[in-house]
Amino acid sequence: MLDIRFIRDNRDTVEGMLKHRGYDSNLQSILTLDQKRREAIQEVESLKHERKVVSDQIAQMKKNGEDASPIISRMRQVSKRIKELDGKLGEAEEEIQRMLLLIPNVPHESVPVGKDENDNPVVKRWGEISQFPFTPKPHWELGEKLGILDFERAAKMTGARFTLYWGLGAQLERALINFMLDLHTTKHGYVEVLPPFVVNSSAMMGTGQLPKFKEDLFKLEDWDYYLVPTAEVPVTNIFMNEILEEEDLPLYYTAYTPCFRSEAGSYGKDTRGLIRQHQFNKVEMVKFTTPEQSYDELESLLLDAEEVLQKLELPYRVVTLCTGDLGFSAAKTYDIEVWIPGQQAFREISSCSNFGDFQARRANIRYRPKGKKKIAYLYTLNGSGLAVGRTLVAILENWQQENGSVVIPPALRPYMGGVDIISPRG
RNA sequence: GGAGAGAUGGCCGAGUUGGCUGAAGGCGCUCGCCUGCUAAGCGAGUGUUGGGGGAAACCUCAACCGAGGGUUCGAAUCCCUCUCUCUCCGCCA
């Protein structure tokens, strides 16, 4: 959420920035409403002041045994008027809030201007694109032949876009989760948390999924509860309505959760395999920082995510999302894209973003800057470290052998009880 | 699911016959004094949000005692609804 005062004072800048991300903003209506609101405040507050003073008078008069009824009946009118104005003011404030919640974040100045994903500049490449002396198979073919992925049976009990993992496949998924969490906690300094997998609407509001992207979420019937689409939601909202001390920042958290997404509007895309599921596992990293250090923290967050792929020896590249491709809440985002041999393409496996104070303002997460009196909104960041299902896809496809077996990357073997290869018979 | 108790400032904790209580007292914290060091002691200060003014320091007004409504000239105090916490019973991994 943007600061209404910032919009008021920097209208042209805000409009220009939002235009770059393809958002056609009409700030006039919100500013008009804001003007009205401030006028109403002045009127109602002066009446409240009068009420306060006169009420004290009434108390005095009663004490002295005087007759206060003429003033009381006059104040009755004043109170009535206050109630009216307060009602109108409340409506205006709600309307402003509603509008603010729908305006996307302003991109950071370092974000390249562009229209869509084709304009995302590649900023880094790592590893050699795997060369095979045979035609690499897609992971669903490998997974089914190995007997570790079962899409058909998952569809019986649930439906499309769900997967049943068997045996070493299930173990591989679990190994990846532990491997990632251990890397972030022991080497990168993150504190592991295990949050609820269901959150309420104010948490969804806080991180920006609501009110605009309701159709992407799974909601529990008759409850104000939603299945988490990412651990970002519960973890960022840990400090909702709290004030932290600057000396406690930055805070690093990592969490494993399953993620549930309705994938509305993606009917034709990635219909086979694990790439696009209604439920997938993810290890997330979340940071709470001061504004000053946040962009350095974004760089190190990216490196923390990259290291997972490096240890698994999976080739990838990093792109900076251009203004037109940026997510609703983000000020700046790097996507890590891993090489998928079966598709001969790079596919997103992690998204690392700085949200500035956008989420903090929504979730009301603040900190006390050292040496200053005024409290301020802190900055939130998060990144996947990594999407587990897609990591499993990348391993199957990049580490596949001609006979359909898959070698386990060495870094992962301790987590696989020493298993170093998954073979069709195994 | 049934019965009961509670929710006040960073923390503890007064205030529930409605009226200078944004809120006593204590702890903590900050600054100053004092002290050979530490501890103790003394003095001052110490919430948030919004409006208005100011270059700023800051000044001023309003709101906030779980949330939202209501009664009243006036509500932390009375009434209603909701949320959460705790205790007991039932059920249960």
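Lettering of chains follows the sequences in order, A, B, ..., and the numbering in each one begins at 1. All heavy atoms count here, side chains included; hydrogens, waters and symmetry mates do not.
Distance A:N364 CG to B:A67 P: 13 Å, rounded to the nearest Å. Rounded to a whole Å, the CZ atom of A:R361 is 10 Å from the P atom of B:G50.
A donor atom on one side chain and an acceptor atom on the other are found under 3.5 Å apart for A:E306 and A:Y316. In the model, A:N364 has a side-chain atom that pairs as donor or acceptor with a side-chain atom of A:R366 under 3.5 Å. Side-chain atoms of A:S423 and A:S405 form no donor-acceptor pair, as typed in the model, at a separation below 3.5 Å.
The pairing partner recorded for B:G54 is none, the criterion being a Watson-Crick or G-U wobble arrangement whose two distances lie under 3.5 angstrom. The pairing partner recorded for B:U72 is none, the criterion being a Watson-Crick or G-U wobble arrangement whose two distances lie under 3.5 angstrom. For B:A39, there is no paired base (Watson-Crick or G-U wobble, both distances below 3.5 Å). With a 3.5 Å ceiling on both atom-pair distances, B:C91 lacks any Watson-Crick or G-U wobble partner. Of all nucleotides present, only B:U83 satisfies the Watson-Crick or G-U wobble test against B:A7, with each distance under 3.5 Å. A 3.5 Å limit on both hydrogen-bonding distances identifies no Watson-Crick or G-U partner for B:C20.
Here B:U49 is the nucleotide among B:U49, B:G52, B:G19 with the atom lying nearest to any side-chain atom of A:I375.
To the nearest whole angstrom, the two P atoms, one in B:C64 and one in B:G68, are 10 Å apart. B:G66 and B:C11 have their P atoms separated by 13 Å, with the value rounded to a whole Å.
A salt bridge does not link A:E66 with A:K62: every distance from a Lys NZ or Arg NE/NH1/NH2 to an Asp or Glu carboxylate oxygen is 4.0 Å or more.
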